[in-house]
Amino acid sequence: MTAHNLVLRLGADAAASLGLDLEQDGDIDRWFIAACLLAGRVRAPLALDAWRALERAGLVAPAALAAAGPERVARVLDTTGYPKPEGSAIKLARASATLAEHWQASVTRIAAAADDLDDLGARLAQLAPGIGPA
């Protein structure tokens, strides 16, 4: 099977479909929010719709998400039909607040401090309960 056929079968890269350039620090931070939404037991199209709703609300940068708080984030997620929006909003807000407080809201700073991918996963998992190394 060719790479082209795989993309046709599995879909385009989620980051690319969101218009994110993972060579840009700000987009890496925005990807972290998308990855958290995609990591749940939610179909990818719904998770991407939820991210787009957060983007329209100006809540895909960790600092903005942390400042907004879980109630506002939950309201935005709820508009998309995202399951258990309150729990996901709490997780996102806590992780974003920890990221802002300890890492200047930058996933790149965590990556720079990590020894390897396992260490990076462990550091990301420490941001908030419910954030896993994957």
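- Pairing each heavy atom of Pro83 with each of Val42, the nearest pair is CG-CG2, 3.7 Å.
- Between Leu124 and Phe32, some side-chain heavy-atom pair lies under the 4.5 Å cut-off.
- Residue pairs that meet the side chain to side chain donor-acceptor pair (under 3.5 Å) test with at least one member in residues 26-35, sequence neighbours left out, are Asp27-Arg30, Arg30-Glu55.
- Under the salt bridge (charged side-chain N to carboxylate O under 4.0 Å, His left out) criterion, Arg75 pairs with no residue at all, not counting sequence neighbours.
- Taking each heavy atom of Ala89 and Pro70 in turn, the nearest pair found is CB-O, 3.3 Å.
- Scanning all heavy atoms of the two residues, the minimum distance from Thr80 to Leu77 falls at OG1-O, 2.7 Å.
- Taken together through direct or relayed side-chain contacts under 4.5 Å among Ile, Leu, Val, Met, Phe, Trp and Tyr, Ile90 and Leu127 form parts of separate hydrophobic clusters.
- Residues Val73 and Leu65 form a side-chain contact, since some pair of their non-hydrogen atoms from C-beta on lies under 4.5 Å apart.
- Counting heavy atoms from C-beta outward, Leu38 and Leu48 have side chains that approach closer than 4.5 Å.
- Taking Asp49 as the reference, Arg52 meet the salt bridge (charged side-chain N to carboxylate O under 4.0 Å, His left out) condition, with sequence neighbours excluded.
- Among pairs with a residue in residues 120-132, those fulfilling side chain to side chain donor-acceptor pair (under 3.5 Å) read Asp119-Arg123, at least two apart in sequence or across chains.
- Proximity of Leu37 to Leu92: side-chain heavy atoms (C-beta onward) are separated by under 4.5 Å at one or more points.
- Looking at every heavy atom in both residues, Ala47 comes nearest to Tyr82 through CA-CE1, 4.1 Å.
- Scanning for side-chain contact (heavy atoms from CB on, under 4.5 Å) contacts around Ala105 gives Pro62, Ala63, Ala100, with sequence neighbours left out.
- For residues 87-112, the set of pairs meeting the side chain to side chain donor-acceptor pair (under 3.5 Å) definition, not counting sequence neighbours, comprises Asp25-Thr108, Gln104-Arg109.
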